[in-house]
Amino acid sequence: MTDLSKTKQSEESGSSPASHFIKTLISQDQKSGKYGGRVQTRFPPEPNGYLHIGHAKSICLNFTIAAEYGGQCNLRFDDTNPAKESQEYVDSIKDNIRWLGFEWDGEVRYSSSYFDTLFEFANQLIASGHAYVCSLSPEQAREYRGTLTEAGRNSPDRDRPVAESLALFAKMRAGEFAEGDYSLRAKIDMASPNINMRDPVLYRIRHISHHQTGDQWCIYPTYDYTHCISDALEGITHSLCTLEFEDHRPLYDWILSSLNLESIRAASVLADSESPYVLPEQTEFAKLKLNYTMMGKRNLRAMVEEGVVSGWDDPRMPTIAGMRRRGFTPASLRNFCESVGVSRSEGVVDLGMLEHAIRDDLDKHAPRAMCVMNPLKIEIDNIPEGEVIQLSLANHPKDEAMGRREVPLTREIFIDRSDFETDPPPGFKRLIAGGEVRLRGAHVIKCHHVERGSSGEVVLLRCSADLDTLGKKPEGRKVKGVIHWVSASEGKPVTVHLYDRLFRVENPEAKDIDDYRKCLNPDSLIEVSSAVVEPSVLEGSNERFQFEREGYFCKDVDPTATGRPVFNRTITLRDSWAG
RNA sequence: UGGGGUGUCGCCAAGUGGUAAGGCACAAGGUUUUGAUCCUUGCAUGCGUUGGUUCGAAUCCAGCCACCCCAGCCA
């Protein structure tokens, strides 16, 4: 039996997603029937910024794992700190998740929609002696907390009578106190080596309106108090989060086990269910880090606010919105997250992995086209002036289903300046004076005259086409080079944005870097205004193309003021030629 | 020097006592009207380190070292 299953697994492992410790854990829970066969996960962003590629890992993990085990994944906004949150972020996050290809279970959830229950449970904790109202100011509380190596001291209010705490908590909620006057704290252990257990704050006073609840509340629950209860109310089974929350797990468990289990169940989505009610459990995994990339929300926000980039959706940003505009596909991001794996060791993934994921997807799915970035005019003397030869080219070299397109060939065409050399380096396969080269999808041409301007620069190449080489190899010789081209008269001018990594250093967030601005790559965006594309590019509804020999490009959603179409370079083609 | 974690090829990552998967990168060939794709081959006598247990250790035990996280009424 073991042999059989092993064989089967290894045979499938080529195509099926890799296993990892969280799947192993859930498989065990499924086998033991711990949650009655249920798997419910959740993605719990705080709406205080835009989602980035790091979030994508968590999104993919939570949604795919639920799907693989026949469960569901909730989207819950963890909105307990209205000072930093806004509806704009709520909207963008929902949009980004859908774009990635995931759909959450039922309605969007908000921690703030549990405020009533949370408040009631807080009263229960006070009543059962698990929490008290503390009058220490934030500064005093810090002093009382102790340090990493010294135990803290008990608050003078720690043994406040239950009735008094209850009354004060009611007054806090009624708005009778100023911010910082009082807080509700869990009564755990001020000497705990885990600082999170030193009577953590559960509620604080904030006279601020909330993007979802308006002015209904002036006290707001903290993350630690809210998250575990929200999970429990939603019937979450596996609460997946990143490693830095590991120290919070004891608190997560403490809060839930200090509450009455039946009260939680009764307030949860499982109240009327026959499923056994089992509390959720938190499991941590390492967050995604990418080299040459800054992922901190603070820093990303700073780049937006300081105008280092054009916005949250600047194509150089590691945000979902930015990558989308850059031309990344949802599948490429999902595949990338899958290929990176899930573990507990904190590594830094090489950008090359991401690049591979997008090239892999676009190579299969992006139609080919030609675009000349830096035009050099060629006159083909044996094509009559005014004649337009419509060539039929395959949109994809391997996938006939992607169809064909017409590409006009005329007497005057453009090739890229870099495809002609008067002084070619060894191994140069493109056009040289007196040499031959294949025009992609068209004829072999020979350059017999180089025309120069007053300062010696090449202005025009006079060539002639071997009319017998359309769709066949030339007779008696080999022409190695193939270059792309665009008709001078039929081609369309476009603007192209060549993007490169934003930073010159592997870790722009390293401790020894005082200012990330000093590490910016000055060439992260190069605007090319001289580019010309073949007409088909502007005719269809395609957004993404491979401009042959140049890279993958994506039509920008936001044309520049010039009114010309803009194409963003998603990624270059691999280039094994060091020239 | 408190507590919690992590250390397997340049990078990610399987492996759970039976003799080091896979992907990325890299290198060398082959195909090619994209110097792309694709195909083939190569790439850890070694699993932070030192000891121990065992017929046998990346896997078990002990010590040591390195790195990450925690002292918000942020999440």
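Values below: every heavy atom of this structure, side chains too, minus hydrogens, waters and symmetry copies. The sequence lines fix the lettering, A, B, ..., with proteins before strands; numbering per chain opens at 1.
- Within 4.0 Å (heavy atoms only), A:Leu251 reaches no atom of the nucleic acid at all.
- Using a 4.0 Å heavy-atom distance criterion, A:Gly427 is classed as a base contact.
- Of the residues in residues 280-294 of chain A, not one places a heavy atom less than 4.0 Å from an atom of RNA chain B.
- Distances shorter than 4.0 Å separate none of the side-chain N or O atoms of A:Ser339 from OP1 or OP2 on B:rC12.
- Not one side-chain nitrogen or oxygen of A:Ser137 sits closer than 4.0 Å to the OP1 or OP2 atom of B:rC73.
- Distance noted for atom C1' between B:rG29 and B:rG52: 49 Å (whole Å).
- Heavy atoms of A:Arg145 sit under 4.0 angstrom from primed sugar atoms or phosphate atoms, though from no base atom.
- At a cut-off of 3.5 angstrom, counting only N and O atoms as typed in the model, there is no donor on one side facing an acceptor on the other between the side-chain of A:Glu550 and the base of B:rU34.
- Residue contacts shown for A:Leu202 are absent, as no nucleic acid heavy atom lies under 4.0 Å away.
- Relative to the ring axis of A:Tyr144, A:Arg153 places its NZ or CZ within 45° and under 6.0 Å from the centre.
- Counting non-hydrogen atoms under 4.0 angstrom, A:Pro397 reaches a base of the nucleic acid.
- Contacts of A:Gly441 with the nucleic acid, taken as non-hydrogen atoms under 4.0 Å apart, include base atoms.
- One P atom belongs to B:rA44, the other to B:rU37, and the distance between them is 24 Å to the nearest Å.
- Counting non-hydrogen atoms under 4.0 angstrom, A:Tyr203 reaches nothing in the nucleic acid.
- Residue A:Lys511 is in sugar-phosphate contact alone, with no base atom involved, counting any heavy-atom pair closer than 4.0 Å across all strands shown.
- Only the C1' atoms considered, B:rU41 is 34 Å distant from B:rG17, to the nearest whole Å.
- With sequence neighbours left out, A:Asp500 forms a salt bridge (Lys or Arg N to Asp or Glu O under 4.0 Å) with no residue at all.
- Taking the six-membered ring for Trp, A:Phe503 and A:Tyr292 have ring centres at least 6.0 Å apart.
- Here, B:rC61 and B:rG46 have their P atoms 24 Å apart, quoted to the whole Å.
- Qualifying side chain to side chain donor-acceptor pair (under 3.5 Å) partners for A:Ser209, counting only residues two or more places apart in sequence or in other chains: none.
- The interatomic distance linking A:Phe336 (CZ) with B:rG23 (P) rounds to 17 Å, in whole Å.
- Residue A:Ala442 is classed as a base contact, given a heavy-atom separation below 4.0 Å to a base.
- One finds a salt bridge joining A:Glu68 and A:Lys23 here, because a Lys/Arg side-chain nitrogen approaches an Asp/Glu carboxylate oxygen to under 4.0 Å.
- Using a 4.0 Å heavy-atom criterion, one finds that A:Phe428 contacts the bases of the nucleic acid, with or without backbone contacts as well.
- In this structure, A:Arg417 has no side chain to side chain donor-acceptor pair (under 3.5 Å) partners at least two apart in sequence or on a different chain.
- On a pure distance criterion of 3.5 Å, no polar donor-acceptor pair joins the side chain of A:Arg249 and the base of B:rG4.
- Regarding A:Asp247, its CG atom lies at a distance of 12 Å from the P atom of B:rU6, rounded to whole Å.
- Residue A:Glu346 has its side chain nearest to B:rC68 when only B:rC12, B:rC68, B:rG35 are considered.
- The side chain to side chain donor-acceptor pair (under 3.5 Å) search around A:Lys289 returns none, not counting sequence neighbours.
- Contact annotation: the side chain of A:Asn507 never approaches that of A:Val348 to less than 4.5 Å [non-hydrogen atoms, C-beta and beyond].
- In this structure, A:Arg198 reaches neither bases nor backbone, as no heavy-atom distance under 4.0 Å exists between it and the strands shown.
- Taking the six-membered ring for Trp and the full ring otherwise, the centers of A:His227 and A:Tyr223 sit less than 6.0 Å from each other.
- Within the 4.0 angstrom heavy-atom criterion, only backbone atoms of the sugar-phosphate kind lie near A:Gly347; the bases stay farther away.
- For A:Met353, the side chain to side chain contact (heavy atoms under 4.5 Å, CB included) test picks out A:Phe336, A:Ser339, A:Val349, with sequence neighbours left out.
- Atom CG in A:Leu184 sits about 13 Å away from atom P in B:rC73, given to the nearest Å.
- Applying the salt bridge (charged side-chain N to carboxylate O under 4.0 Å, His left out) test to pairs two or more places apart or on separate chains, none has a residue in residues 51-60 of chain A.
- In this structure, the ring of A:His20 has its center no less than 6.0 angstrom from the ring center of A:Phe285.
- With C1' as the reference atom, B:rU31 and B:rU19 are 39 Å apart, rounded to whole Å.
- Applying the 3.5 Å distance criterion, the base of B:rG4 shares no donor-acceptor pair with the side chain of A:Asn194.
- Comparing the P positions of B:rC69 and B:rA62 gives a spacing of 27 Å, expressed to the nearest Å.
- Under 4.0 angstrom from either OP1 or OP2 of B:rA75 there lies at least one side-chain N or O belonging to A:Arg204.
- For B:rU34, its base sits under 3.5 Å from the side chain of A:Arg368 at one donor and acceptor pair at least.
- For A:Ser111, the side chain to side chain donor-acceptor pair (under 3.5 Å) criterion is met by A:Asp78, not counting sequence neighbours.
- Here A:Val348 lies in heavy-atom contact (under 4.0 Å) with sugar-phosphate atoms only.
- At a cut-off of 3.5 angstrom, the base of B:rU34 holds no donor-acceptor pair with the side chain of A:Arg549.
- The distance between atom CG of A:Leu351 and atom P of B:rG10, rounded to the nearest whole Å, is 20 Å.
- For A:Phe428, the ring-ring contact (aromatic ring centres under 6.0 Å, His included) criterion is met by no residue, not counting sequence neighbours.
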Report each atom pair, protein N/O against N/O of nucleotides 38-40 of chain B, whose distance is under 3.5 angstrom.
unit_1 : atom_1 : unit_2   : atom_2 : d
B:rC38 : O4'    : A:Lys398 : NZ     : 2.8

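- Rounded to whole Å, the C1' atom of B:rC12 lies 16 Å from the corresponding atom of B:rC47.
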Assess the residue pair A:Arg298 and A:Glu509 against the criterion (salt bridge (Lys or Arg N to Asp or Glu O under 4.0 Å)); give the C-alpha distance rounded to whole Å, side-chain angles, the decisive distance to 0.1 Å, and a yes or no. CA-CA 11 Å; A:Arg298 267 184 98 87; A:Glu509 291 178 302; over 6 Å; no

Protein-nucleic acid N or O pairs under 3.5 Å, nucleotides 14-17 of chain B:
unit_1 : atom_1 : unit_2   : atom_2 : d
B:rA14 : OP1    : A:Val342 : O      : 3.3

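- Between A:Arg249 and A:Glu284 a salt bridge is recorded (basic side-chain N to carboxylate O distance below 4.0 Å).
- Proximity of residues 222-231 of chain A to RNA chain B (heavy atom under 4.0 angstrom from any strand atom) is restricted to A:Thr222, A:Tyr223.
- A cation-pi contact, defined as under 6.0 Å to the ring centre and within 45° of the axis, links A:Arg173 to A:Phe119.
- Atom CZ in A:Arg153 sits about 19 Å away from atom P in B:rA71, given to the nearest Å.
- When heavy atoms are screened at a 4.0 angstrom cut-off, A:Arg438 is found touching base atoms of the nucleic acid.
- A 6.0 Å sphere centred on CD of A:Glu400 holds no more than 12 heavy atoms belonging to other residues, nucleotides or ligands.
- Rounded to the nearest Å, the gap between the P atom of B:rG22 and that of B:rA14 is 15 Å.
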